Amino acid sequence: MKIWICAKVLSKCELLFLVCEAQTCPLSSRWEEDKYEDGIKWKFLEHKGPYFPPKYQPLPHDVKLYYDGKPVKLGLAAEEVALFFAQMLDHEYTTKEVFRNNFFRDWRKEMTEEERVLITDLNKCDFGEIHAMHRERVETRKNMSKDEKQVNTEANQKIMDEYGYCLLDHHRERVGNFKIEPPGLFRGRGEHPKQGMLKRRIQPEDVVINCSWDSRFPEPPAGHRWKEVRHDNTVTWLASWTENVQGSFKYVMLSAISKLKGEKDWEKYELARRLKSRVDDIRLQYQNDLKSKQMVTRQRAVALYFIDKLALRAGNEKEEGETADTVGCCSLRVEHITLHDVLDGEKCVVEFDFLGKDSIRYYNKVPVSKRVFKNLKLFKESKQEGDDLFDRLNTAMLNKHLSSLMPGLTAKVFRTYNASITLQEQLRELTSDNMAEKLLSYNRANRAVAVLCNHQRAPPKTFEKSMANLQTKIESCKEKLALAKRELKQTKEEAKGSSDSNTVEKKKKAVQRSAEQLLRMEVQATDREENKQIALSTSKLNYLDPRITVAWCKNMEVPLDKVYNKSLRAKFAWAVEMTELDFEF
DNA sequence: AGCGCCACTTAGTACCATCGTA
DNA sequence: TACGATGGTACTAAGTGGCGCT
């Protein structure tokens, strides 16, 4: 167990104290149990360990690789890796030079001496037969009967029952990712230099187990041992291993609906709310710092301005050649921004164009203050492509400065703060009375946040088609409405003088119904069009204080399940329970 | 200050179950 | 009943940031 030095204890306690102080609503029941002393995450932890993927099933004897036109029956190890490649043949990945080279290098490592001598050129390998077999298997699986699918579902349920839960401080909690990642070919995002490399099969001997010393330890699979069983209650993971492609750690952790994760999430939003009360001062300060004599301070001020105004990520340094070339704020290079004295009638425009996390492109044209603009010119001066824009700054320095302004403050808190405050403000502006329109308002507010945070998605493959479908429906609904209106008019005339108001009422209702239906569909069409390339889920899940949404739903009389699905409601159970009507972020 | 290690959050996509519709 | 669209979930990569060491 670690020994905690005083300075750290103080800062953490201070933060916790401030967080509790800032909290406006009382915590109820499950969320109310006392906190452990600093750094301790649990007192008791018991679980079944991770679930290992099934071992490799050899190919049927008649399915072979062909090399240079001749059939080759590979040994088990090489065959498994060949199957990984064959399975991906429909994917663009397998045509990429880097992917192919990495794959081939790693594949050859799995070959026997004999195979390695024979197979020296990937282009001479014909995976056709293996690929066809794979396609067939996929097809068979797709065509399984209901009963067969049911058998699968039940088997999965059994695995879930056994491995999907743990005992943490007397509570039964769901485990998030209890399955060990199966072997395969590494699929990085963007132009990843390691794409195609073999991701090794994880053995129990690679896995470290973390649990209570006085719990029933998980059993390793028969004939195996764990790498280690430790009892570290300053961390939350149940099992961990090192992944071979990047050498990074992988963890089995609790699910997002667990108490532990929920509390952490709540603390995150409380921290962001604390920023709300300090942000004016902080902005004033970095505006001032733009004039500093110190270059570092000015760079820090401009970076902070970007992080605050544009919700850029911090931008840690990355090891060159190990990952795709992506950047965040502090790692921006001179080629990522273009300065326009005037652009489209606006002065001092900064044009951003770079790849961010997951190699998602960030493109934006932003008018900035003269002072920021002048500084940027200065930072770019006498530098060339490839040079850091903020050459005197890194995320550690930035965060150190931020934490001196407010305990616990780091760059990412600005994203949480700006996302949540944007949602709250947008909801105030956009709200209307009809249910469909209310939901559109909510989605628009959500969308404003997603745009701010640059949360993108690939347009759904069926987008154009389903849009067209919706349009035809709208057209036919329009006709229906017109017809209903005509009928109403006619009925009205016929009913003149007579006392048949009943039929008129009926027709009126029909018109109203059609009109509502049409509106609903038109709203839906708008919503979907605006959403084409924007992912709402990421901000909903990670950036928007759920209490804003819960309070809005209560105030607007919108059922919560219209905006939060079951898992979101579970994840944000704390907010559902504690949020009052007058909650303000 | 800089680095490596570690733990944890944030991210997009592939896949799957379910639903409404032809 | 078969089908495609849709929403939800599983998966795992890719970030952030703290900490201890040199």
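Below, chains carry the letters A, B, ... as their sequence lines are ordered, and counting in each starts from 1. Keep in mind the model is a prediction, meaning the values are calculated, not measured.
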Rounded distance in Å - [atom1] ([X]) to [atom2] ([N]):
| X | N | atom1 | atom2 | result |
| --- | --- | --- | --- | --- |
| A/Arg187 | C/dT12 | CZ | P | 10 Å |
| A/Met160 | C/dT9 | CE | P | 11 Å |
| A/His192 | B/dG12 | NE2 | C1' | 15 Å |
| A/Phe414 | B/dT9 | CZ | P | 21 Å |

Give one of base, sugar-phosphate or nothing for [X], where a contact means two heavy atoms less than 4.0 Å apart.
| X | value |
| --- | --- |
| A/Ser567 | sugar-phosphate |
| A/Leu541 | nothing |
| A/Lys264 | sugar-phosphate |
| A/Ser240 | nothing |
| A/Met253 | base |
| A/Ala411 | sugar-phosphate |
| A/Gly356 | sugar-phosphate |
| A/Lys261 | sugar-phosphate |
| A/Arg313 | sugar-phosphate |
| A/Gln246 | sugar-phosphate |
| A/Lys412 | sugar-phosphate |
| A/Thr236 | sugar-phosphate |
| A/Asn316 | base |

Answer yes or no: does a side-chain N or O of [X] lie under 4.0 Å from OP1 or OP2 of [N]?
| X | N | result |
| --- | --- | --- |
| A/Thr326 | C/dG15 | yes |
| A/Thr395 | C/dT16 | no |
| A/Tyr543 | B/dT9 | no |
| A/Thr538 | B/dA11 | no |
| A/Lys142 | B/dC15 | no |
| A/Lys357 | B/dT9 | no |
| A/His455 | B/dT10 | no |

Can [X] and [Y] be counted as an ion pair, charged N to O under 4.0 angstrom?
| X | Y | result |
| --- | --- | --- |
| A/Asp232 | A/Arg230 | no |
| A/Glu181 | A/Lys199 | yes |
| A/Asp325 | A/Arg333 | yes |
| A/Lys227 | A/Asp206 | no |

[X] has a side chain; which of [options] sits nearest to it?
| X | options | value |
| --- | --- | --- |
| A/Asn399 | C/dG17, B/dC5, B/dC8 | C/dG17 |
| A/Lys250 | C/dA13, B/dC5, B/dG12 | C/dA13 |
| A/Ala458 | B/dA11, B/dG12, B/dT13 | B/dT13 |
| A/Lys199 | B/dC8, C/dT12, C/dG18 | C/dT12 |
| A/His91 | B/dA11, B/dA7, B/dA14 | B/dA14 |

#### Entry: is_close_aromatic(A/Phe186, A/His192), centroid dist under 6.0 Å
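Yes, the ring of A/Phe186 comes within the 6.0 Å limit of the ring of A/His192, centre to centre.
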### Query
Mapping A/Val413 and A/Leu185 onto DNA chain C by nearest heavy atom, which one lands closer to the 5' end?
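Result: A/Leu185.
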### Query
Does A/Asn565 or A/Lys179 map to a spot on DNA chain C nearer the 5' end, using the closest nucleotide for each?
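The residue mapped nearer the 5' terminus is A/Asn565.
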### Query
Can you name the one residue among A/Tyr93, A/Phe84, A/Phe85 that meets ring pair (Phe, Tyr, Trp, His ring centres under 6.0 Å) with A/Phe103?
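Considering A/Tyr93, A/Phe84, A/Phe85, a ring pair (Phe, Tyr, Trp, His ring centres under 6.0 Å) with A/Phe103 is found only for A/Phe85.
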### Query
With no hydrogens and no angle check, do the side chains of A/Asn152 and A/Glu148 hold a donor and an acceptor under 3.5 Å apart?
no
